[in-house]
Amino acid sequence: MPRQQRNHIRDHASGGSQRQLRVGELIRHELAEMLSRGDIHDPVIEGHLITVPEVRVSPDLRLATIYVMPLGGRDIEKVIEALDRNKRYVRGEIGRRVNLKFAPEIRFRVDERFDEAQRIEKLLRTPAVQRDLDGDKDE
């Protein structure tokens with residue numbers, strides 16, 4: 001298999017190339033800092049503690065998908081709307097703070113990993129699954 005093709009396969013398996021991961025982490029760090037310092041002046045954003053667990057960057061580094069979650073998951077729609085309203089400011093600040101040729105387009109998404117983990121945990125506690133797990137111990 002040609003080297004370029006192997007790298008392409010590896011990049012998709014790991015969630016991106018080293019460069020994508022590094023740029024995503026730099027963006028995540030800068031946005032988290034902006035949120036913690038109150039640099040984004042919006043009453044909805046200022047009224048919530050918002051975590052930024054992940055930023056995924058496209059292979060050409062022109063699009064950054066930023067996953068966010070307000071503390072306790074409350075008012076998530078309002079928080080996403082407020083971040084979208086301030087997207088131009090956030091993009092400009094990220095472009096200034098992270099040394100990139102182009103500031104990436106930004107889109108905000110809800111981080112649903114916590115909800116998914118809770119759903120799986122709940123499924124594991126159901127009587128049918130517990131019965132199956134207990135049955136495996138007898139064998």
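Computation of the quantities below employed the complete heavy-atom set of this structure, encompassing side-chain atoms and omitting hydrogens, waters and symmetry-equivalent molecules. In this chain, numbering begins with 1 at the start of the sequence shown.
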Checklist entry - Stepwise, does the side-chain contact (heavy atoms from CB on, under 4.5 Å) test hold for Tyr67 with Arg56? => result CA-CA 8 Å; Tyr67 293 90; Arg56 292 185 190 160; 3.5 Å; yes
Using every non-hydrogen atom in the two residues, find where [X] and [Y] come nearest and quote the distance to one decimal.
X     : Y      : answer
Val68 : Ile76  : O-CD1, 4.2 Å
Leu83 : Phe108 : O-CE1, 3.5 Å
Gly24 : Val55  : O-CB, 3.4 Å
Asp60 : Ser58  : OD1-OG, 2.6 Å
Lys78 : Val44  : O-CG1, 3.6 Å

Value rounded to 0.5 Å, distance of [atom1] in [X] from [atom2] in [Y]:
X     : Y      : atom1 : atom2 : answer
Ile40 : Leu31  : CD1   : CG    : 5.5 Å
Leu21 : Glu54  : CG    : CD    : 9.0 Å
Ile66 : Arg109 : CD1   : CZ    : 10.5 Å
Arg19 : Leu61  : CZ    : CG    : 4.5 Å

Next on the checklist: Looking at Glu25 and Arg22, is any side-chain nitrogen of the basic one under 4.0 Å from a carboxylate oxygen of the acidic one?
Outcome noted: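 Glu25 and Arg22: not salt-bridged.
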Checklist entry - Just by distance, do the side chain of Gln20 and the backbone of Ser17 share a donor-acceptor pair under 3.5 Å? => result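 Pair found, side chain donor or acceptor close to backbone of Ser17.
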Scan the side chains in residues 86-94 for donor-acceptor partners under 3.5 Å anywhere in the protein, sequence neighbours excluded, and list what turns up.
residue : atom : partner : partner atom : Å
Asn86   : ND2  : Asp42   : OD2          : 3.2
Asn86   : ND2  : Ala82   : O            : 2.7
Lys87   : NZ   : Ile106  : O            : 3.3
Tyr89   : OH   : Asp39   : O            : 3.4
Arg91   : NE   : Ala103  : O            : 3.1
Arg91   : NE   : Pro104  : O            : 3.1
Arg91   : NH1  : Glu105  : OE2          : 2.9
Arg91   : NH2  : Ala103  : O            : 2.8
Glu93   : OE1  : Arg96   : NH2          : 2.7
Glu93   : OE1  : Arg97   : NE           : 3.2
Glu93   : OE1  : Arg97   : NH2          : 3.2

